[in-house]
Amino acid sequence: MDDPFSFSSQSTPSTPVKTYPEGEGAPVSWKTAFESVPTIDFKAQLNAEQYAAVTAPAGPALVLAGAGSGKTRTLTYRVAYLLSQGVQPWEILLITFTNKAAKEMLHRVEDLTGIPQHRFWGGTFHHIGQRFLRMHGQVVGISKDFTIMDQGDAEALLSDAVREVDGAFFRNKDNPKAKVVAEIISYARNTLKPIKTVLDEKYPYFKNLCQLLQAFASAYEQRKRKQGMADYDDLLELWLKVLETDKAVAAEFQGRFKHILVDEYQDTNRLQASLIDTLAANHQVMAVGDDAQCIYTWRGAHFENIVTFPNRHPGTQLFKIETNYRSSPQILELANAVLVNQAQNEGYSKELRAILPNKQKPYVVQAMDNRAQAQFIVRRIQGLLNDGRSARDIAILYRAHYHAMDLQMELSRSQIPYIITSGVRFFEQSHVKDLMSQIRFAWNPQDTIAFFRTACLIPKIGPKTAERLLELAHKEKLKTQGTLIQSLTAEAVVVKVPLEAKDDWVDMSLTLQNLEEALRPPPPPPISDGDLFAPKPTNQAAFIPKAPHEVIALAIEGWYGDFLRTLHPNWTSRRDDLDSLVGFAERYADMAELLGQLVLLNSESTDRSAEEPGDVVRLTTIHQSKGLEFPVVFIIGLAEGLFPIKRAVDEGNIEEERRLFYVAVTRAMEELYLSYPMVSLQGGPPTRLEMSCFLQELPENTYELLHLAPVKMGRW
DNA sequence: TGCCAGGTTATTTTT
DNA sequence: TAACCTGGCA
């Protein structure tokens with residue numbers, strides 16, 4: 001697996017990946033496969049707008065695809081079209097933002113063309129960056145087998161770096177917390193701006209900390225390199241750095257891709273845009289997106305990227321796809337009205353054109369308070385279900401998770417099945433991370449974050465104690481020539497473990513030792529003994545590491561499996577999570593790959609979500625609803641202060657809130673309910689809430705107002 | 001130094 | 001709801 005691009009978004013050892021060396025044609029078998037691609041009548045299967053984009057001649061192209069206009073379809077057919085023109089699959093680079101999108105896209109291409117997914121070069125920015133760096137990272141001083149940290153790990157490492165530079169920093173409560181420091185630094189990196197600029201623009205109240213933050217950033221950087229770690233941003237930042245440093249490598253990749261396709265281009269940040277621009281040195285790039293749906297500027301997304309794309313790629317052809325296949329004309333009329341109120345000069349003008357039959361106008365619903373809002377929705381849902389609607393056709397969208405609290409209670413009470421996609425992801429759940437930390441530490445004893453996480457689980461052991469013990473173990477290691485993990489159980493270390501923690505400490509260390517033995521050959525025995533019968537070095541050559549899923553099973557059987565019971569009351573379900581991790585890991589042949597993927601993949605790819613889609617109502621934030629569609633959509637909390645949310649108003653980010661509202665509205669296919677509570681009972685005395693400005697701005701003929709009387713009225 | 005209980009507070013979160 | 005913080009105690 002040396003070729004960085006010989007992968008699909010999912011690693012499936014069952015279908016071995018073939019790669020073709022540079023300059024060589026594909027093997028004959030492949031050609032046969034290629035010829036068997038069904039001929040597609042592009043003109044018949046696409047509308048005129050889509051057809052134009054799909055069959056665009058080579059060269060830079062920008063496809064503005066409105067909500068529900070068949071964006072994915074267009075992209076998929078574009079790939080098929082290129083293939084039909086003789087382009088080889090490995091000459092196409094397909095970049096998406098999410099794993100979900102990558103998976104879906106590759107899947108659909110395979111369905112359409114019959115060519116297996118893994119022939120295509122596709123994945124998320126981060127996936128591709130990872131593979132690239134595993135190959136060429138040394139150019140910028142990162143080792144091949146770096147470990148990728150997730151958000152939490154990165155913050156922990158950053159905290160360490162901060163304390164190293166200024167031990168008292170976090171004690172001052174006026175200073176930003178580790179999370180915020182991380183945010184600032186990350187934002188700077190993703191937007192290619194100096195920290196100073198970021199502070200000026202977004203955090204003026206931390207301006208005086210500029211020097212300090214810069215010092216934190218570089219200390220953090222050093223730590224990462226020293227410990228062989230990379231955070232998410234590194235995958236992009238260092239990728240770009242390599243391309244800029246090593247012209248030969250850059251040229252190789254620039255020549256390799258004849259066609260680069262980028263999905264959701266409006267959500268690229270400056271760093272990602274630079275990557276694309278660099279790779280697409282010959283302007284062989286098609287960007288697809290919708291600037292009206294850019295909702296991630298707070299994380300560095302820069303929707304002007306889409307606006308200035310033609311400047312950076314001279315000769316760009318512009319395609320607009322505006323026929324909407326998703327929503328009723330009434331819903332689209334409202335959606336278009338949302339955009340009319342956009343500040344001027346915000347992106348491209350667009351108007352979605354309906355082709356579906358008429359339906360009911362969207363409703364605006366005023367409820368007394370949150371509770372009444374929830375009750376209204378529950379009653380309405382019951383009505384829909386009685387009319388034969390499936391629960392899965394219904395979604396409730398909101399701006400922030402906590403807006404849905406009353407609703408959850410009300411739904412549970414009425415026994416309406418629902419799922420809520422909450423903020424915590426599978427791999428970020430504490431027990432999953434606990435377990436994986438042990439494996440990570442066994443895999444890479446340099447990974448002190450993993451060690452601390454594991455050690456501090458034990459009662460009576462906190463960070464300070466853990467640090468002392470680790471130091472002792474290091475000393476011991478030098479003495480005995482063993483491994484660090486072997487030293488954990490050395491007498492000199494164990495005596496320093498707090499009395500009550502001893503049993504757990506030893507158990508934990510023994511498990512770690514088991515894991516280590518499963519992963520790596522034992523170190524050469526000390527020579528000084530003169531022991532002629534010591535195991536011979538040949539043992540090492542013969543060592544075969546255990547498969548990742550076996551290692552995970554080993555860890556569960558070990559110390560943590562039992563310890564978990566003492567940790568959480570709901571340990572059985574957590575134990576199930578861990579067991580499902582074993583199944584998940586079966587897909588991976590080696591630990592390095594698994595550890596890398598674990599961090600890059602989020603909940604989508606777990607077996608868990610595969611089971612999820614049942615016939616249930618879906619509750620989700622608007623951000624997470626992007627790309628989805630539902631026949632019936634409720635958008636709740638449409639009051640000033642809730643949506644647009646107060647903080648966004650304070651910071652002057654109304655336009656992003658408006659785009660968010662636009663995204664929410666365009667999820668709906670047939671029925672749309674926009675509701676808000678008129679009184680807030682949250683914390684303290686009841687306060688009156690105004691109708692959201694987004695509703696106030698709408699022409700009155702775009703919706704029907706429904707004022708809920710306290711008593712039951714009519715059907716609801 | 002570490003633990004625990006109780007209280008507070010709440011943006012959004014592709015990787 | 002849950003995650004986080006704080007203060008007081010062992």
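The chains referred to below are lettered A, B, ... by the order of the sequence lines, with proteins before strands, and numbering in each begins at 1.
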For [X] and [N], what is the distance between atoms [atom1] and [atom2] respectively, to the nearest whole Å?
X: A/L271; N: B/dT14; atom1: CG; atom2: C1'; answer: 14 Å
X: A/L628; N: B/dT14; atom1: CG; atom2: P; answer: 13 Å
X: A/F661; N: B/dT11; atom1: CZ; atom2: P; answer: 22 Å
X: A/Y187; N: B/dT13; atom1: OH; atom2: P; answer: 18 Å
X: A/D233; N: B/dT14; atom1: CG; atom2: P; answer: 14 Å
X: A/K179; N: B/dT9; atom1: NZ; atom2: C1'; answer: 13 Å
X: A/D290; N: B/dT14; atom1: CG; atom2: C1'; answer: 17 Å
X: A/L275; N: B/dT14; atom1: CG; atom2: C1'; answer: 16 Å

Tell me, do A/T621 and A/R399 make a side-chain contact under 4.5 Å, heavy atoms counted? no

Base, sugar-phosphate or nothing for A/F125? Non-hydrogen atoms, less than 4.0 Å. nothing

For a quick check of understanding: with a heavy-atom distance under 4.0 Å over all strands, which category does A/D150 fall into, base, sugar-phosphate or nothing?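 Nothing, no nucleic acid heavy atom in range.
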
Residues which pass salt bridge (Lys or Arg N to Asp or Glu O under 4.0 Å) with [X], listed by chain and number, not counting sequence neighbours:
X: A/E500; value: none
X: A/R667; value: none
X: A/K433; value: A/D150, A/D153

P gap between B/dT13 and C/dC4, integer Å: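 It comes out at 15 Å once rounded to the nearest Å.
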
Mind checking the P distance from C/dC5 to B/dT12? Whole angstroms is fine.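 It works out to 16 Å between them.
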
Backbone N or O of A/Q266 within a donor-acceptor pair of the A/Q293 side chain at under 3.5 Å?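 No, because the side chain of A/Q293 does not come within donor-acceptor range (under 3.5 Å) of the backbone of A/Q266.
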
Among B/dT12, B/dA10, B/dT14, the one nearest A/R399 by side-chain distance: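 Among the listed nucleotides, the one closest to the side chain of A/R399 is B/dT12.
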
Tell me which pairs pass salt bridge (charged side-chain N to carboxylate O under 4.0 Å, His left out) where either residue lies in residues 230-240 of chain A, with sequence neighbours left out. A/R189-A/D231, A/R189-A/D233, A/R189-A/D234, A/R189-A/E237, A/K224-A/D231, A/K224-A/D234, A/R225-A/D234

I'd like a list of close polar pairs between nucleotides 2-4 of chain B and the protein, N/O only, cut-off under 3.5 Å.
unit_1 : atom_1 : unit_2 : atom_2 : d
B/dG2  : OP1    : A/G462 : N      : 2.8
B/dG2  : OP1    : A/G462 : O      : 3.3
B/dG2  : OP1    : A/T465 : N      : 3.1
B/dG2  : OP1    : A/T465 : OG1    : 2.3
B/dC3  : OP1    : A/K460 : N      : 2.2

Treat primed atoms plus P, OP1 and OP2 as sugar-phosphate and everything else as base, then score nucleotides 5-10 of chain C 5' to 3': B for base contact with protein heavy atoms under 4.0 Å, S for sugar-phosphate contact only, - for none. ------

Look at [X] and [N] and indicate whether a side-chain polar atom (N or O) is within less than 4.0 Å of OP1 or OP2.
X: A/Q408; N: C/dT1; result: no
X: A/H401; N: B/dT13; result: yes
X: A/T96; N: B/dT14; result: no

Pairing residues for [X] by the side-chain contact (heavy atoms from CB on, under 4.5 Å) criterion, not counting sequence neighbours:
X: A/D504; result: A/I458, A/P459, A/W559, A/F563
X: A/T278; result: A/L240, A/L243, A/Q254
X: A/K202; result: A/Y187

Do we see A/W298 stacking on the base of B/dT12, given a limit of 5.5 Å between centres and 30° between planes? yes

May I ask you to decide whether A/E640 forms a salt bridge with A/K646, counting only side-chain N to carboxylate O separations under 4.0 Å? no

Between A/Q151 and A/E656, just flag the one whose closest nucleotide in DNA chain B comes earlier from the 5' side.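 The answer here is A/E656.
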
